[in-house]
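Scroll down for the structure; my scribbles are underneath it.
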Amino acid sequence: MTENSLHAPLIIDVAGVELTAADLRRLADPRVGGVIHFARNWQDRDRMCALNAEIKALRPDLLICVDHEGGRVQRFRTDGFTRLPSMRALGTLWMSDPLRATQAAVGCGRVLAGELRACGVDFSFAPVLDLDYGESSVIGDRSFHRDPRVVALLARSVMHGLLQAGMANCGKHFPGHGFVKADSHVAVPVDRRSLKAILGEDARPYDWLDGTLAAVMPAHVIYPKVDARPAGFSSRWLQAILRGRLGFDGAVFSDDLSMEAARRIDGRLLSYTDAALAALDAGCDLALLCNQSVGDGAVLDELLAGFEDAHRSGRWQPSADGERRRRSLLPRGPALDWTALQASNAHRRALALLERL
């Protein structure tokens, strides 16, 4: 593997609405494969377009990502962006009119992807495939439904809409985060159900969506009857079950490694570098570390230096499959600019479908 095709497994953030010298230096590191944006990176559409153009001018292969699901998880909400419904709204509509809900889900995916791509964003971490048990505050109305069949069918429709606008998808949080109450941003959720119960309910959408899912993000949840490690650090979950039993061959992202649950492995708190390496060793292709560029960015510099050392020492070896999967998530075809998008009949039809919700 040449330096130009080196596996780039790290997804990091940048500090603001324009790149700093430190951002430029970090994004030039060949082990960085992408950028994730947050609300702090948003000022308006023109500034977002300029920021992403600057990133692509530095490295066209970088994957520009955002958490933009709809409902309460939507990073960009002003300057013309459509306020997307929660996924629960689609599930509620399904109960009275399944065909209309399916159409609206396609429209939701198409609007989501079209508007992001018009501003230079390549990829959104969506849709959520967790089941709505009515217990999890962190999932809640981000879930389509309690029934895994409804979740799979509506998710497939959202993915179809994303694909129409040239965007890949990411199902999350494997094998399921909806059953536990704890928020993995601040605690370590534990789901004590059996493997049979989880595969029979929460993980069913991942099985049914085989061939449609482009990427998966595992949960920072421990399922002790399956493995003592959280799913995102478990080779049993990621390699034996997700890839082996369910046959998934797309990209696997870690969830945010800055979360409390992310670095507590086998009873000890790991460094960011060790946590990222543990995620990759378990079967992730990409390691996501968020909200570390603000301030001096020392954590990101430590991570990049740690990966350079790990590469030199042989502790981490680039993966050709991992790089192939990362690059497969880059957009398909050119994006419409904002004016052309608003004028397009396909976008107008998609907006009309959302207005019926």
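Everything quoted here is computed from the prediction, not taken from an experiment. What's counted below: heavy atoms across the whole structure, side chains too, no hydrogens, waters or symmetry copies.
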Ring geometry between F76 and H37 (parallel below 30°, tilted from 30 to 60°, perpendicular above 60°): tilted
R193 NZ/CZ over F179 ring centroid, <6.0 Å and within 45° of normal: yes
Non-hydrogen side-chain atoms of F38 and V14 separated by less than 4.5 Å: no
Interatomic spacing from NE2 in H160 to CG in N169 - rounded to 0.5 Å: 12.5 Å
R45/E115 salt bridge by N-O under 4.0 Å criterion: no
Electrostatic pair D301-R25, nearest N-O below 4.0 angstrom: yes
Rounded distance (nearest 0.5 Å) linking atom CG of L19 with atom CG of L27: 6.0 Å
Atom pair NZ (K56) and CG (L58), whose distance is rounded to the nearest 0.5 Å: 11.0 Å
Electrostatic pair D285:R327 at N-O distance under 4.0 angstrom: no
Listed partners of W208 passing side chain to side chain donor-acceptor pair (under 3.5 Å), at least two apart: none
Steps toward salt bridge (Lys or Arg N to Asp or Glu O under 4.0 Å) verdict (R142, D130): CA-CA 8 Å; R142 297 165 67 191; D130 300 314; over 6 Å; no
W94 and T102: side chain donor to acceptor below 3.5 Å: no
Listed partners of R146 passing salt bridge (charged side-chain N to carboxylate O under 4.0 Å, His left out), at least two apart: E201
NZ/NE/NH1/NH2 to OD/OE distance under 4.0 Å, R324 and D321: yes
4.5 Å side-chain heavy-atom contact, R263 and S258: no
Sub-4.5 Å side-chain heavy-atom contact between D132 and F144: no
Check against side chain to side chain contact (heavy atoms under 4.5 Å, CB included), I241 and V226: CA-CA 10 Å; I241 298 173; V226 182; 4.1 Å; yes
Test side chain to side chain contact (heavy atoms under 4.5 Å, CB included) applied to V17 and W42, step by step: CA-CA 6 Å; V17 298; W42 171 260; over 6 Å; no
Crowding at CZ, R245 (>12 non-hydrogen neighbours, <6.0 Å): no
Close side-chain approach of R325 and V252, heavy atoms under 4.5 Å: no
Criterion salt bridge (charged side-chain N to carboxylate O under 4.0 Å, His left out) against R315, the qualifying member of D281, D309, D274: D274
S136 side chain to G178 backbone, donor-acceptor under 3.5 Å: no
Residues D227, R229: salt bridge by 4.0 Å N-O rule: no
Spacing of L354 atom CG and L90 atom CG [to the nearest 0.5 Å]: 8.0 Å
SG-CD distance between C49 and E54, expressed to the nearest 0.5 angstrom: 13.0 Å
Other residues, nucleotides, ligands: >12 heavy atoms within 6.0 Å of R268 CZ: no
S143 side-chain N/O to G140 backbone N/O, donor-acceptor pair under 3.5 Å: no
Atom pair CG (L131) and CD1 (I139), whose distance is rounded to the nearest 0.5 Å: 10.0 Å
Aromatic contact, F174 with F253 (centres under 6.0 Å): no
Presence of salt bridge, D122 and R117, under 4.0 angstrom: no
Proximity of W237 and Y223 rings by center, below 6.0 Å: yes
R75 bridged to D67 by N-O distance under 4.0 Å: yes
Determine all donor-acceptor pairs shorter than 3.5 Å in which one atom belongs to a side chain in residues 103-112; sequence neighbours excluded.
| residue | atom | partner | partner atom | Å |
| --- | --- | --- | --- | --- |
| R110 | NH1 | Q164 | OE1 | 3.3 |

Side-chain donor-acceptor pair present, N291, R40, cut-off under 3.5 Å: yes
